[in-house]
Amino acid sequence: MNLPKSINFANLPTKIEKLERLSQELGTQIYIKRDDQTGSEISGNKVRKLEFAVQEALDNECDYLITCGGIQSNHARATAAVAAKLGIGAYLVLRGKEDSEVEGNYFLDKMLGARIKLITAEEYKNSRMEIMEEIKSELSKEGHKAYILPEGASNGIGSLGYCKAMKEILDQEKELGIKFDAIVTAVGSGGTYAGLYYENHIKNTDATIYGVNVCDDDEYFKNVVLGLLKEISKYTGEEIYVNKEDINILDGYVGKGYALSEPQEIEFIHKLAKQEGVILDPVYTGKAMYGLVEEIKRGTFDKHKNILFIHTGGIFGWNNFARNLVGN
Ligand SMILES: *Cc1c(COP(=O)(O)O)cnc(C)c1O
């Protein structure tokens, strides 16, 4: 199966490292794939998705990228960075308040020159697509051709970035002489999970792909992933047949809600930083890895030998949490 052409933004392949002391503590083998190190301004998992989506935008002669997300969206910041790098425009529709602190990703969005429209949570939930369409027609009056990316670039084209990442993992398995039989990622809009799942299924490995949802619930994401798998196949030309029960979402780690932290999650992030020198983010990877460790303790991973956790990034999300640091 061949993937469509993509533009190169990310530093690839990203490293796979073993978490020695955590593995020893839990009596299993845990590795981490450093997709947090795909770059600096353009870092994290969204870069891999943008490599495919932005190629499509350029192929369609677009000179503006429109996308949406929370005010601290990593995806929005990566889109702003990519646009600046290409010398094209970015217009971000962000869920947030006018008096929001200008920090973290939101600060970087402004620094990278993106135009920003802040909308309420209700507008975001009910009409973000319409709002982006309106911006698109306004831009067209200014003489621009805009390309709309959905939340998290989680559509068929964006998810291809993680089909490619799965290929990369399979190549690295050969180099390292390790077979990963469980691959774990945070799930926020589903594209990362869907891409990994699709390619893993096509390659017919016996690895299980697990997602830890950081918002909504397993039922919601199983449907999202099934939809994305169909969309991916429109680009690859190869449909796969999957049941809802085949999608492994480890629900129960949303905690207080999206982008809200529980003390035990923050404590875990601090513990891992000291134990392994790895900084997770509070919104996605902190919750997901906390969930993974809890599930290992419960025995969910007893049947697996080598677990690979994808560090999907989010480092700039710390800025607006630093004020609320607990424990040390
Ligand atoms: C967006 C994001 C995720 C979730 O990936 P999806 O493809 O949206 O499910 C995980 N980690 C980080 C740091 C992210 O920014």
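FYI, side chains are in, hydrogens and waters are out, and symmetry mates aren't considered; it's all heavy atoms of this structure. One-based numbering, in listed order, for ligands and for the atoms of each.
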Exercise for review: Return yes if some donor-acceptor pair links the side-chain N/O of W318 with the main-chain N/O of L280 below 3.5 Å, else return no.
Suggested key: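 Yes; at least one donor-acceptor contact below 3.5 Å.
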Check your understanding: Hey, is the main chain of V93 close enough, under 3.5 Å, to the side chain of K117 for a donor-acceptor pair?
Key -> no
Exercise for review: Using the six-membered ring wherever Trp is involved, compare the ring planes of Y197 and Y193 and label them parallel, tilted or perpendicular (cut-offs 30° and 60°).
Suggested key: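 Y197 vs Y193 ring planes: parallel.
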**Study point:** From R34, H311, Q172, K33, residue fulfilling side-chain hydrogen bond (donor to acceptor under 3.5 Å, both in side chains) relative to T14
**Key:** K33
Revision key, fill the gap. Test side-chain hydrogen bond (donor to acceptor under 3.5 Å, both in side chains), reference N45, set T285, T192, T312, output is T192
Review point. Going by an N to O cut-off under 4.0 Å, is there a salt bridge joining R128 and E123?
Key: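 The answer is no: the pair does not qualify as a salt bridge.
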Exercise answer, ligand 1 polar atom pairs (N/O) under 3.5 angstrom:
from: ligand 1; atom 1: 5 (O); to: N45; atom 2: ND2; distance (Å): 3.0
from: ligand 1; atom 1: 5 (O); to: T192; atom 2: OG1; distance (Å): 3.4
from: ligand 1; atom 1: 7 (O); to: K49; atom 2: NZ; distance (Å): 2.6
from: ligand 1; atom 1: 7 (O); to: G191; atom 2: N; distance (Å): 3.4
from: ligand 1; atom 1: 7 (O); to: T192; atom 2: N; distance (Å): 2.9
from: ligand 1; atom 1: 7 (O); to: T192; atom 2: OG1; distance (Å): 2.7
from: ligand 1; atom 1: 8 (O); to: S189; atom 2: N; distance (Å): 2.9
from: ligand 1; atom 1: 8 (O); to: S189; atom 2: OG; distance (Å): 2.5
from: ligand 1; atom 1: 9 (O); to: G188; atom 2: N; distance (Å): 2.8
from: ligand 1; atom 1: 9 (O); to: S189; atom 2: N; distance (Å): 2.9
from: ligand 1; atom 1: 9 (O); to: G190; atom 2: N; distance (Å): 2.8
from: ligand 1; atom 1: 11 (N); to: T312; atom 2: OG1; distance (Å): 2.6
from: ligand 1; atom 1: 15 (O); to: K46; atom 2: NZ; distance (Å): 2.8
from: ligand 1; atom 1: 15 (O); to: N74; atom 2: ND2; distance (Å): 2.8

